[in-house]
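Computed from a predicted model, the values in this text were never measured in an experiment.
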Amino acid sequence: MNRNRIEEAIGYTFKDGALLERAFTHPSASPSKGGNYQDLEFLGDSVVGFVTAERLFLLYPDAGEGKLTKMRACVVSESPLAGAVERLGVADEMLLGENESKHGVYAHASVMCDLFEAITAAIYLDGGMEEAKAFVLRALEEELAGAWDALRRTDAKSRLNEYAMQKGVSLRYIEEEKRGEQHSPVFRFSVCLGEERMGEGEGRSKREAQQLAASRTLEMLAAGKRKNKR
């Protein structure tokens with residue numbers, strides 16, 4: 001584990017290097033309680049949730065509890081937290097068991113999500129809330145800035161389903177493509193509304209790709225656009 005590389009990437013220098021090492025230790029490398037990131041992940045989840053909620057509250061003071069809750073869920077979930085770790089480029093520094101290392105477990109979205117929360121907790125314990133907050137806001141700047149658009153995409157499937165029911169037409173999601181490594185696939189889906197092929201979307205999960213396809217279909221409907229029939 002390259003401590004200097006990690007600290008440069010996350011923008012924080014640890015006073016207690018043992019905390020940093022623990023944050024990067026997978027349970028397969030140290031199954032004993034307190035020797036890996038599992039407890040840190042628990043604490044980090046709360047810290048990330050609080051920091052995100054506070055920032056969204058300040059950014060969208062008139063959004064209301066319901067929308068704020070949904071926006072927070074768009075930011076504090078597996079895919080965006082894993083994406084943040086991927087941008088930091090530190091997942092490959094994780095300490096793993098032999099079998100897990102062989103199979104590249106560090107690149108699994110769920111593991112990268114856990115790592116983000118563990119890093120946050122380690123910073124909190126080492127430097128306090130302000131340092132942890134600064135890290136979260138830096139690492140999730142992109143997700144926080146796009147929370148409103150993410151909310152619209154999240155609601156897209158429900159809104160499109162309501163539209164299809166009102167119009168009395170069928171609604172299907174077609175998986176057009178699946179590519180990438182087994183541990184990190186990318187899906188592409190399209191929407192069929194009645195007999196018409198409409199919007200497409202890509203994502204790290206089927207749900208994400210379908211939501212984006214639904215969002216783009218709604219945009220096309222609002223603009224009065226159609227694609228060719230299938």
Side-chain angles (χ1 to χ4, degrees), residues 26-28 41 45 48 70-94 96-117 139-140 142-165 169-223 225-230:
H26 188 266
S28 64
E41 171 201 344
D45 176 66
V48 174
K70 290 179 180 179
M71 280 193 282
R72 181 178 59 186
C74 290
V75 177
V76 187
S77 58
E78 182 177 293
S79 183
L81 297 188
V85 168
E86 196 168 34
R87 290 194 300 272
L88 291 170
V90 296
D92 60 345
E93 295 289 349
M94 289 188 68
L96 301 163
E98 183 178 351
N99 186 60
E100 286 74 14
S101 180
K102 179 180 178 182
H103 289 90
V105 167
Y106 68 85
H108 290 193
S110 61
V111 173
M112 287 193 288
C113 173
D114 293 345
L115 177 59
F116 185 92
E117 293 172 341
L140 295 179
E142 180 178 318
E143 285 74 17
L144 288 164
W148 187 264
D149 287 337
L151 172 62
R152 292 179 63 224
R153 290 195 298 271
T154 300
D155 288 344
K157 286 185 72 174
S158 296
R159 288 189 285 130
L160 185 58
N161 186 55
E162 290 175 4
Y163 175 89
M165 292 178 64
V169 296
S170 62
L171 172 63
R172 294 179 295 146
Y173 292 89
I174 308 298
E175 184 174 328
E176 302 285 0
E177 182 183 15
K178 177 183 177 182
R179 64 180 189 276
E181 301 295 331
Q182 184 175 357
H183 62 266
S184 184
V186 174
F187 298 92
R188 180 165 62 88
F189 273 79
S190 65
V191 168
C192 277
L193 196 59
E195 295 298 319
E196 292 183 277
R197 179 175 177 271
M198 303 290 287
E200 292 188 354
E202 288 191 357
R204 297 186 183 201
S205 67
K206 291 182 179 181
R207 176 179 172 80
E208 183 180 353
Q210 290 173 2
Q211 289 284 10
L212 185 54
S215 177
R216 289 177 175 165
T217 297
L218 289 168
E219 291 172 359
M220 293 171 66
L221 290 170
K225 297 179 181 178
R226 294 289 191 275
K227 283 191 176 184
N228 296 328
K229 292 185 177 182
R230 292 183 72 90

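- Partners of Glu93 under the salt bridge (charged side-chain N to carboxylate O under 4.0 Å, His left out) rule, at least two apart in sequence or in another chain, are Arg5.
- Every residue two or more places apart in sequence or in another chain that forms a side-chain hydrogen bond (donor to acceptor under 3.5 Å, both in side chains) with Glu177 is listed here: Arg179, Arg188.
- Between the side chains of Ser110 and His108, no donor-acceptor pair is found at a separation under 3.5 Å.
- Under the 4.5 Å side-chain criterion, counting only non-hydrogen atoms from C-beta, Tyr173 is in contact with Val191.
- For the side-chain hydrogen bond (donor to acceptor under 3.5 Å, both in side chains) test, no residue two or more places apart in sequence or in another chain qualifies with Glu41.
- With sequence neighbours left out, Lys178 forms a salt bridge (charged side-chain N to carboxylate O under 4.0 Å, His left out) with no residue at all.
- Residues Met94 and Val111 form a side-chain contact, since some pair of their non-hydrogen atoms from C-beta on lies under 4.5 Å apart.
- Every residue two or more places apart in sequence or in another chain was checked for a side-chain hydrogen bond (donor to acceptor under 3.5 Å, both in side chains) with Glu142, and none qualifies.
- By the side-chain hydrogen bond (donor to acceptor under 3.5 Å, both in side chains) test, Asn161 pairs with no residue at all, sequence neighbours left out.
- Between Leu81 and Val85 the shortest side-chain heavy-atom distance does not fall below 4.5 Å.
- Under the side-chain contact (heavy atoms from CB on, under 4.5 Å) criterion, Ala109 pairs with Glu78, Ala82, sequence neighbours left out.
- In this structure, the salt bridge (charged side-chain N to carboxylate O under 4.0 Å, His left out) partners of Glu143, at least two apart in sequence or on a different chain, are Arg87.
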Donor-acceptor pairs under 3.5 Å, side chain of residues 96-104 to any protein atom, not counting sequence neighbours: which ones?
unit_1, atom_1, unit_2, atom_2, d
Asn99, OD1, His103, ND1, 3.4
His103, ND1, Asn99, O, 2.9

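- Within the 4.5 Å cutoff, side-chain heavy atoms of Arg216 are placed close to those of Leu212.
- Partner of Glu208 under the side-chain contact (heavy atoms from CB on, under 4.5 Å) criterion, chosen from Gln210, Arg204, Gln211: Arg204.
- With rounding to the nearest 0.5 Å, the separation of CG in Leu218 from CZ in Arg159 is 5.0 Å.
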